[in-house]
Structure formats: structure tokens, C-alpha cells
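Since the model is a prediction, treat every value here as computed from it, not as a measurement.
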Amino acid sequence: MSSPELIKSDVPREFVADHTVERNQRPMIDGPNKFKFAIFGANVSTGQGGLTLAENTIKLGNWDEVRGLAEKADNYGVEGFIPIARWQGLSGPDRPWGRQHETFTWAAGLAAATRNIQIFATCHVPFVHPLMAAKMSATVDHISGGRMGLNAVAGYHQPEYKMFGLELPEHDKRYEMAEEWMTIVERLWSDEGEEFEFDFDGEFFTLGGAQAYPKPVQSPGPMVMSAGASPAGQKFAFQHANILFIMVADVNNSKPVTQKVRANADEAGRPDLDLWAGVHIICKDTEKEAQDYVKYVVDEKGDWESAVRYQQIIASGDARSMRWDDFKRNEDFKKDESVRTFMRAGLVPLVGTPEMIVEGLQKLSDAGIAGVCTGLVDYDEGLDRLNEQIFPLMRSAGLRA
């Protein structure tokens, strides 16, 4: 039997791939489109389509399901694919968010399957050592050819902390840890030459002779996204992030919120920091169809128990002592707008025809929002509508090239 012919690489041996792509020229920051899009939460069951038991949500039953969505988003020109950070479901493994893909390995798999889209990992700072995070990020950046993004989060869910044997720190202390963590990651991405290794002795982390090679493809490192409404959260973003994900409750009143954050960022010397929002899009051919679908997703198929648990977690950090039977006896919680907000995962609702969706996106753009992380109920159909109905209207409005 003859041996197979060896396949030779076309890459010259002297080629060095580290720091060969400028981060600020990546599509999510630069790119031809004035208003950017990222698909949000396709690493957990039901995704960020809301806490619902509706048909055609993400099941997370096989890898091809998620890979197909990423490939479709990539082919349609969507700029980003961003996971949420979850380690346990709200009400069990057979319910929304009950199944979760770990985000660095998820990102590595999708980086190899796509060509242009920015693939993010969302990392809980307290649960992943900064040296591991720096190495994994650089590896995914090489797999993708410079398309890795890091969404750094401080965490808030006490039961998830307990899974790792940790106590939930006070809010601002979490961001002090995140600051130290991100400082180490950035040094590991950038220090080289005579400073190829370093020692670090901080309040939360101690490293001796720390080094990480290869460096990322992006220079000075992978794109960083952060979410924070508090002063501590915003300060972290102003120091380290390229994109700040802000909470907007209503597109019609988004400008005062955005203008305040924009002023804070400019005062901190970050006029280059892009502001993004999260939206929950339900688009149908008629407004009635869209509203009927909302009733189906929320009123008929909504996982109210998970929504109430989510509300309790945000309020207290834990909901394990919550007695659902006590809530069920009085259905007033279904009229609670905050519970309904948690039902759609805290995202801003955009409901209606393609024209109505684009009108809402235009308001966000006019308010100073550069892009949106998008949750969908049926991600497959939603991506098709995005490409076939919404993007053409956005191009006509000057929001997309």
C-alpha cells in the first residue's frame, strides 16, 4: 500500500501570526454598516428568546443545531454571535436555560465553522483563572483568524457561585476583582520581548513568571464587551471594554439613558467606546400576527415559574427558598410588568411588522446606540426574516450598507 501524499502548508516558516489584525478594524467596531447586529444567547436551551416553552426554540440537542444558526448568521452578514454565561437552569434541566454550552469551547467550535462573524465567549471572572482565559481567548483568536471576542461578566447568581464553592461578594467588590482579572489578561495578551513574563501580586490573584504564547491575532488583543449600569460596572467598561452593553427599557425613551452613559464615557476619555443595547425581536407580516405570537409565547407557553425565579435572583442573589406553590395561588404576578420583562430575558421588546421593527431600531440609532444583541424565539425563522425583510429596510434607511 502506498503512503498518502503529504499535504504541505503554504504558510512560510518565518510567518508570525501574533498581532497581525487590528482590533479596531473588525466589523463589529468598524465595518461598513452604521448599525450592527449580534445574535445573542444561542448557547443555552431556548436561547435569549425568553423563558418560554414555545415550539421551535433552541433545544440544544445536537451541535449541528447551533452550528447551523452560526453559519446562517455568518452568511447573512450579521456581525456578532454572543453567548450568555449560565452554569445552571432556573427551574431544572428540561426548562429554559436548563442546558448550557460552556462558552470558550462553544466559541472554538463556531470559530472553525464560520468565516467573517465575530464569535464571543462570555466569561464569569470569578470562575475562570485569568491565565486560562487569556490562553483560551488567544487560541480561539487563532482558530478564527482574529474574530474572537470576550464578554467579561462579574456574575450575580449566588447558586452559581456556590457551585464553584464561592460566596457571592458585595457588588463593587466583584468589579474590583474584575479589574484585577482584566489587567492580568491584557498583560498576557500584550507583554513580550524583554517583558515576556511577569509577576503579579494583587488582592485577588498572585502569579509568578506569568506568560502566554502565542499572542492573539488581534492587536492589542481580542475585542472586549462588558455590561454594566452601575458606576462600578461602567468604570470597568471605560477602562477595558470596546463595547458597553447598556440596559434600555423602552426604545421611545432610550435617548436620555444613552446620552447619560455617553457623557460618562466621554468624560472618562472613551469617546471611542461603542454603546450597544439588547432587543427581543418578534417580527411577523402583520402587527396582529406579531401580537398574537406574543400572546402565544408569553401567556400560553410562558414559563412563569422561571420568570419569577429570575426576578427573585436579581433582587436577592438566590431563589432556592422560593415556594412556587405560594405564587401560583395568586396569579397577580402575571400582571407584574417586571415579571413579564424577565420573561423576555430583560431585553427591549420590538414587536410588529418589518417596518415597525426598523422604526424601533432607527430610534435606538438616533439615541446613540451602535448595535444590538438580539434575542429571538425561533432563531432559524428569525434569522431568515432578519435577512429577507429587516436588513433590506435598514439599508433603505441608511442603517446598513
Legend entry - Atom NZ of Lys72: over 12 foreign heavy atoms under 6.0 Å: yes
Legend entry - Step-by-step side chain to side chain contact (heavy atoms under 4.5 Å, CB included) determination, Leu350 to Val372: CA-CA 12 Å; Leu350 286 178; Val372 288; over 6 Å; no
Inset, instruction - Please determine, by modelled atom types, if Ser91 and Ser306 share a side-chain donor-acceptor pair under 3.5 angstrom. - result: yes
Legend entry - Salt-bridge criterion met for Asp285 and Arg385 (N-O under 4.0 Å): yes
Legend entry - Glu170 CD: over 12 foreign heavy atoms closer than 6.0 Å: yes
Legend entry - Verdict with reasoning, Phe81 to Trp106, per ring pair (Phe, Tyr, Trp, His ring centres under 6.0 Å): CA-CA 11 Å; Phe81 214 65; Trp106 178 89; 5.6 Å; yes
Legend entry - Closest approach of Pro83 to Phe40 (non-hydrogen atoms, all atoms of both residues): O-CE1, 4.1 Å
Inset, instruction - Carefully, step by step, assess His280 and Gln48 under the rule side chain to side chain contact (heavy atoms under 4.5 Å, CB included). - result: CA-CA 8 Å; His280 185 266; Gln48 282 291 81; over 6 Å; no
Legend entry - Over-ring placement of Arg270 relative to Phe238, 6.0 Å and 45° cut-offs: no
Legend entry - Over 12 non-hydrogen atoms of neighbours within 6.0 angstrom of CZ in Arg115: no
Inset, instruction - Decide if atom NZ of Lys301 counts as having more than 12 heavy atoms of other residues, nucleotides or ligands within a radius under 6.0 Å. - result: no
Inset, instruction - Please find out if less than 6.0 Å separates the ring center of Trp63 from that of His101. - result: yes
Legend entry - Phe164 and Phe127 aromatic ring geometry - parallel, tilted or perpendicular at 30°/60° bounds: parallel
Legend entry - side chain to side chain contact (heavy atoms under 4.5 Å, CB included) between His240 and Glu179, worked out: CA-CA 8 Å; His240 300 286; Glu179 161 65 26; 2.6 Å; yes
Inset, instruction - Please confirm whether Arg187 makes a cation-pi placement over Phe200, using NZ or CZ under 6.0 Å from the six-membered ring centre and within 45° of the ring normal. - result: no
Inset, instruction - Indicate yes or no: does Glu381 engage Lys284 in a salt bridge with an N to O separation below 4.0 Å. - result: yes
Legend entry - Flag if over 12 foreign heavy atoms under 6.0 Å of CE, Met132: no
Legend entry - Test salt bridge (Lys or Arg N to Asp or Glu O under 4.0 Å) applied to Glu167 and Lys162, Arg174, Lys173, the passing residue: Lys162
Inset, instruction - Go through the steps for Tyr76 and Leu383 under the test side chain to side chain contact (heavy atoms under 4.5 Å, CB included), then give the verdict. - result: CA-CA 8 Å; Tyr76 288 168; Leu383 278 165; 4.2 Å; yes
Legend entry - Asp366 and Gln362: side chain donor to acceptor below 3.5 Å: yes
